[in-house]
Protein chains: 2
Amino acid sequence: MSDQEAPYSVLDKERQKEMEGSLDDNGSAADSRVTELQLGKRVKEIRLSHNLTLEEASRRTGLARSTLSKIENEQISPTFQAVQKLANGLNIDIPQLFATAKESRCAGRRDITRAGQGRVHPTPTYEHEMLASQLTNKQMLPYRSIVRSRSFDDYPSWVRHDGEEFLLVLSGKVRFYTEFYEPVDLEAGDSSYYDGGMGHALVSISEEDAEVLWVTST
Amino acid sequence: MSDQEAPYSVLDKERQKEMEGSLDDNGSAADSRVTELQLGKRVKEIRLSHNLTLEEASRRTGLARSTLSKIENEQISPTFQAVQKLANGLNIDIPQLFATAKESRCAGRRDITRAGQGRVHPTPTYEHEMLASQLTNKQMLPYRSIVRSRSFDDYPSWVRHDGEEFLLVLSGKVRFYTEFYEPVDLEAGDSSYYDGGMGHALVSISEEDAEVLWVTST
DNA sequence: GAATAAAGTTTCCTATTGGAAATTTTTGTT
DNA sequence: AACAAAAATTTCCAATAGGAAACTTTATTC
């Protein structure tokens, strides 16, 4: 093959490879923590653990051998489409792919929120105090709320969201409306667990505004 | 981060009126189209729920406005790199991005537990009352516990388990021991969020046994 | 309602990806 | 060791993503 005059010399290659290690920059706000590295390695691991050749993997995923090779060697950043084909073809679900890349499960994170020191977020019907708001990427979102609403009519429509929700009444008394059930009155100490996708709403029915704790799963 | 910028609004669910239906899967894991369609929509949802403009999002993620727009409108398939910047910049973890498609079970489950009516499960150090125990297959496990322990020595070893844990002190006062931090005293209303894999233990330090609420993610 | 500003989309161009085929590396056989 | 076969990598080029700026749409103000 050509040697001295080729525009892409071996030297260039080496240099490129080195730079590959940390391709996060753009000094802007994004916290580009180095979560990168893993993907290619991970894919290779999985492929090998299934005892597949690139050829086979190519057949199953619909991606070219060459493309797979490049992905495994971190030479390219596959498009989302490609990632999906990969995941489908190799029978891995995407979260799994990133599970390792993301970070180890046995972290030692801890966040403490003193009473009343959460980040407050008011709405017409509730006054929410986000707890543990320092910690990001949580699996659950806890918040303590004061139920301002005094009538079901305060709600233009059902409140809905992804995930599941746990509710505990801390003080006062509320009426708990849900889309598929009769309303129920809950007092301090009563709790409920329900699907967030089901419409729901709370109304204070005690002298003072009731206080509740919510934990939502993501 | 974590300041006066748009408060994390998982709470702005009010505006999340529609849950899209209609995903035609052909059962097998072969077709990638299904999830593909979701990505843009999902990103847009998330961006809006954080009350961000494309401009803002661009600043945070380091991706161009135009690129973000194209992604949201499914005009391009972002590279993995781009997806990562997205996830970092918008503070979402990647699995969450992909979670949509399969989560189409907008069930309407609900379980109510009256104060003191949970299923009790005593241990030497705690007296646990499982809440919502009627409901199985939950993503979270809530329980209210009385902290019997009076000394750290009551614990033969650290308590550890999978997932993450949210802790709220309901009454009394506890000392919160963790594997990687100095012990902290918590009073009624104080809360903490931490990784279950990190050793932890509670000890009552008030006159009466303290009462706490725990929610563990699975 | 026109004028202005802000948010979002499209265009145009460069940089990068993805695939077919050539090349190199690895593995197995005599 | 030499050869052949299989697997992996690299090259080259067409197709596509990403970014800057032009443009269109949607709010906001006078």
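Note that this is a predicted model, so its numbers are computed, not measured. Naming: A, B, ... by sequence-line order, numbering from 1 per chain.
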Over all strands shown, is B/Ser69 touching base, sugar-phosphate only, or nothing at heavy-atom distances under 4.0 angstrom?
base

Rounded to whole Å, how long is the line connecting atom CG of B/Asn51 with atom C1' of C/dA7?
14 Å

Is it the case that the base of C/dA6 and the side chain of B/Thr53 share a donor-acceptor contact (distance under 3.5 Å, atom types as modelled)?
no

Would you kindly give the CD-to-C1' distance between A/Gln81 and C/dT17, to the nearest whole Å?
11 Å

Quick check on DNA chain D: between B/Arg65 and B/Ile71, whose nearest nucleotide comes earlier from the 5' end?
B/Ile71

Do B/Ser66 and D/dG18 share a donor-acceptor pair, side chain to base, under 3.5 Å?
no

Here the distance between atom P of C/dA15 and atom CD of A/Gln75, to the nearest Å, is 20 Å

Hey, does B/Thr67 reach any base, or is it just sugar-phosphate, or nothing, if we go heavy atoms under 4.0 Å?
base

Ring centre gap for B/Phe176 and B/Tyr194 strictly below 6.0 Å
yes

Considering every strand and a 4.0 Å limit on heavy-atom distances, what is the contact class for A/Leu63: base, sugar-phosphate, or nothing?
sugar-phosphate

dist A/Thr125:OG1 -> A/Tyr155:OH (nearest 0.5 Å) comes out at 4.5 Å

Scan B/Glu72 against the nucleic acid and name what it touches under 4.0 Å (heavy atoms): base, sugar-phosphate only, or nothing.
nothing

Donor-acceptor side-chain pairing of B/Gln81 and A/Ser77 below 3.5 angstrom:
no

Scan B/Thr79 against the nucleic acid and name what it touches under 4.0 Å (heavy atoms): base, sugar-phosphate only, or nothing.
sugar-phosphate

Mind calculating the distance between NZ (A/Lys70) and P (D/dC12) to the nearest angstrom?
12 Å

Distance check needed: D/dG19 C1' versus B/Glu55 CD, whole Å only.
13 Å

For A/Glu74 and D/dT9, what is the distance between atoms CD and P respectively, to the nearest whole Å?
12 Å

Is a side-chain donor-acceptor pair under 3.5 Å present for A/Glu165 with A/His200?
yes

NA contact type, B/Leu54, heavy-atom cut-off 4.0 Å: base, sugar-phosphate, or nothing?
base

Measure the distance from CD1 on A/Ile76 to P on D/dT11 and round it to the nearest whole Å.
14 Å

Hey, does B/Leu168 have a side-chain heavy atom less than 4.5 Å from the side chain of A/Arg144?
yes

Please report, rounded to the nearest Å, how far the P atom of D/dA20 is from the CZ atom of B/Arg59.
15 Å

Short side-chain N/O contact from A/Asn73 to OP1 or OP2 of D/dA8, under 4.0 Å
no

